[in-house]
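One structure is given here, and the rest of the page talks about it.
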4 protein chains.
Amino acid sequence: MMARGINKVILIGNLGQDPEVKYMPSGNAVTNLTLATSDTWKDKQTGQPQERTEWHRVVFFNRLAEIAGEYLRKGSKVYIEGALRTRKWQDQSGQDRYTTEIVASEMQMLDSRGGEGGGGNQGGYAGNQDPMGYGQQPQQQASRPAPQQSRPQNQPAPQQQPAQPAPGFDDFDDDIPF
Amino acid sequence: MMARGINKVILIGNLGQDPEVKYMPSGNAVTNLTLATSDTWKDKQTGQPQERTEWHRVVFFNRLAEIAGEYLRKGSKVYIEGALRTRKWQDQSGQDRYTTEIVASEMQMLDSRGGEGGGGNQGGYAGNQDPMGYGQQPQQQASRPAPQQSRPQNQPAPQQQPAQPAPGFDDFDDDIPF
Amino acid sequence: MMARGINKVILIGNLGQDPEVKYMPSGNAVTNLTLATSDTWKDKQTGQPQERTEWHRVVFFNRLAEIAGEYLRKGSKVYIEGALRTRKWQDQSGQDRYTTEIVASEMQMLDSRGGEGGGGNQGGYAGNQDPMGYGQQPQQQASRPAPQQSRPQNQPAPQQQPAQPAPGFDDFDDDIPF
Amino acid sequence: MMARGINKVILIGNLGQDPEVKYMPSGNAVTNLTLATSDTWKDKQTGQPQERTEWHRVVFFNRLAEIAGEYLRKGSKVYIEGALRTRKWQDQSGQDRYTTEIVASEMQMLDSRGGEGGGGNQGGYAGNQDPMGYGQQPQQQASRPAPQQSRPQNQPAPQQQPAQPAPGFDDFDDDIPF
DNA sequence: TTTT
DNA sequence: TTTT
């Protein structure tokens, strides 16, 4: 993918609910979640502390969707990097409506509360190259065993998800954003 | 302002229209604009190039609103840093609707096409301290003249803007996001 | 502060040691710490997992320096936003040398392991305005008490720090970066 | 590549010189350049405007190195995203020294001053998938022709670059950072 | 020197 | 509605 311009979002927050994993007819995973960030400030007049929680709608695709679905839970603190995308959809009365989401391209768990042994950072692509140029340096003879597979084994069969429209595109929004 | 979590957006794009500057009853400026970023990719099946433009709704407050209103124009390329905020509002039928915007905290013009002599980077706050600690070093005797005031002089009087509701909160969305 | 260009660093990592807090003759705090981030990849030839840890030198000034010194400890996981700055200094043989640091402007603790009750996000400036424009909305009558002061009370008197040169500028580097 | 932690740099600045392109024995390109960002502020005492230019050393690998070498020139304004990496090397007296660089993973030209017709944004990897999930939507029938190849054709033969050590690792620093 |  |  190429781009004209930069469209980048960086979030650290906590999940409001367990993530929802769905599968495309193709078998590709799509995971949706909501993430809370909050701002606090003092009211200018009263000096009273104020707080506002912002809820972000985040969507993951493919491998990252599976990882998010497996390792994230309600309350999890997570770093997410992605891009803004506003989708157009029709409500039940046929009116055009818009929902803005963050399409995640990178994710990193920030708490290891679960006992999954999982977590870690999961980039959006499986680069087994050496983008930092470290391989140019004298080889460090790594002798430790290959890491445990952190990618979910149980890739659900698409047919378990009956021929529903692609989640996040057709049926996702019943009425309001979340 | 303090925060729990990180809510950060970084955009580089072009303005779809001239910015709209409004003034609060307090006299504070609020500027709204839409910014285009685009992605291009090749269709997996056909190999045909695809393009999708993302339109971002950006809002500026106070000093930054005035600067944006003065120096940005339709087509301007700009760097914007800010935070996501989703506002709830009611459409004409009384239904709840939501609009997601980027509340800009920093802006930097990336083309100097206009003859304004303006541009430059405009942080969201007027820090006249020395956040980088440069002042600790031996003073460089700056002998060049004080920079031209880049802040618009003509702060419009609030009364010129009749008692309208706060823009971007009440009257901003007539119907659809943009 | 204004800028031509963007100079932004975003780090999430763990402290290698407790932070070092020093005080300027003016009484302003300066805190230095090192932060680890790491990359892992597989060797192209052997398929062996490789790991490389990057050590970042971070410096905080003023209020943020005090907060960092109070709440961060060896091993703490932290989000840091800042800017790159390369300082020139002379080693004992009089040779010019350079050290690149991140001057932190924002910090957020990501683990609450300590019992300090502290943490939270600490922006680099004490904005008690309303940069997100929330104050425009109907006032939420916050009735909870004012938050505990998270800023250290015990501002050390400068004279407790004998007339030493500014840390991080003169005496900081004895020989090598860290 | 996976990561524990986040190590991200975002720069917008101007090149101090034309980029230097070298080739690894493998034929892979490595491009080095220096990028200027600047801060301006007012001296607290004198009120005099101060300015400090920060010079960033940026390194590109592989495809991005070729693009940078072809399209960027002294004075070019560019957006760069990457990661910090501090390299250790020995000066002529055998002393350990360190240089911090930004390893670029994404680049976007911000001026189209050259007549190359090139530029555009060049991500660090050639994703021809559909990371934003747009392909799920009804196909927009793109009828415009395939874009001009923006990747340099003239991949220089490695043998033109005699068996020199990897640039940026051995021979890059003659003495001081830049 | 951290972390998993 | 922008831009290349």
Side-chain angles (χ1 to χ4, degrees), chain A residues 2-7 71 86 108-122 144 147-148 150, chain B residues 11-20 32-40 49 51-58 72-78 80 110-111 113 176-178, chain C residues 11-20 32-40 49 51-58 72-80 110-111 113 176-178, chain D residues 2-7 71 86 108-122 144-145 147-148 150:
Chain A
M2 226 177 295
R4 282 232 151 248
I6 297 294
N7 175 359
Y71 294 114
T86 297
Q108 184 158 154
M109 291 190 59
L110 295 175
D111 47 13
S112 24
R113 58 170 74 190
E116 337 86 351
N121 165 304
Q122 303 300 343
R144 59 187 174 87
Q148 291 310 110
S150 69
Chain B
L11 300 174
I12 296 177
N14 299 282
L15 273 70
Q17 298 294 340
D18 285 356
E20 291 180 24
N32 287 273
L33 57 82
T34 54
L35 197 72
T37 59
S38 67
D39 294 296
T40 62
E51 176 165 9
R52 184 181 198 266
T53 294
E54 194 66 45
W55 286 100
H56 308 275
R57 185 171 194 153
V58 184
L72 299 179
R73 287 295 169 263
K74 175 177 178 174
S76 295
K77 185 185 287 293
V78 68
I80 285 170
L110 296 174
D111 47 13
R113 58 169 72 192
I176 53 169
F178 29 86
Chain C
L11 300 174
I12 297 178
N14 298 281
L15 273 70
Q17 299 293 342
D18 285 356
E20 292 181 24
N32 287 275
L33 57 83
T34 54
L35 197 72
T37 59
S38 67
D39 294 297
T40 63
E51 178 166 7
R52 183 179 197 268
T53 295
E54 194 67 46
W55 286 99
H56 307 275
R57 184 170 194 152
V58 184
L72 299 180
R73 288 293 170 265
K74 174 176 178 175
S76 296
K77 185 184 287 295
V78 68
Y79 168 94
I80 285 170
L110 295 175
D111 46 13
R113 58 170 72 192
I176 53 170
F178 27 86
Chain D
M2 226 177 297
R4 283 235 149 247
I6 297 295
N7 174 0
Y71 294 113
T86 297
Q108 185 157 153
M109 289 190 61
L110 295 175
D111 47 13
S112 25
R113 58 171 73 192
E116 337 87 350
N121 166 303
Q122 304 301 346
R144 58 187 176 88
Q148 291 308 110
S150 69

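So that the names make sense, note that chain A is the first sequence line, chain B the second, and so on, each numbered from 1. On a predicted model such as this, the values are computed, not experimentally measured, just so you know.
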Query - Nearest-angstrom distance from the residue atom CG of B:L72 to P of F:dT3 - result: 14 Å
Requested in this report: Quickly work out the B:E54 CD to F:dT1 C1' distance and round it to whole Å.
Outcome: 14 Å
Report summary line: Of E:dT1, F:dT2, F:dT1, the nucleotide closest to the side chain of B:Q17 is F:dT1
Report task. Write down the distance between CG (B:D18) and C1' (F:dT3), rounded to a whole number of angstrom. Result -> 15 Å
Report summary line: note: B:N14, atom CG; F:dT1, atom C1'; distance rounded to Å ~ 11 Å
Requested in this report: Would you mind telling me which of C:L15, C:L110, C:N14 makes a side chain to side chain contact (heavy atoms under 4.5 Å, CB included) with C:V78?
Outcome: C:L15
Report task. Grab the two heavy atoms, one from B:T37 and one from A:I6, that are nearest each other, plus how far apart they are. Result -> CG2-O, 3.4 Å
Report summary line: To the nearest angstrom, the CG-P distance between B:L110 and F:dT4 comes to 13 Å
Query raised in the report: Roughly, in whole Å, what's the span from CG in C:L33 to P in E:dT1?
Result: 17 Å
Report summary line: Closest to the side chain of C:S38, out of F:dT3, F:dT1, E:dT3, is E:dT3
**Report entry** Heavy-atom pair with the smallest gap, counting every atom of A:N7 and B:L11
**Finding:** CA-CD2, 3.8 Å
Query - Spacing between A:R4 atom CZ and F:dT1 atom P, to the nearest angstrom - result: 20 Å
Query raised in the report: Separation of B:H56 atom NE2 from F:dT2 atom P, in whole Å?
Result: 15 Å
Query raised in the report: For B:T37, which contact category applies under a 4.0 Å heavy-atom criterion: base, sugar-phosphate, or nothing?
Result: nothing
Query raised in the report: In chain order, what residues pass the side chain to side chain contact (heavy atoms under 4.5 Å, CB included) check against C:S38, with sequence neighbours excluded?
Result: C:E51, C:T53, D:R4
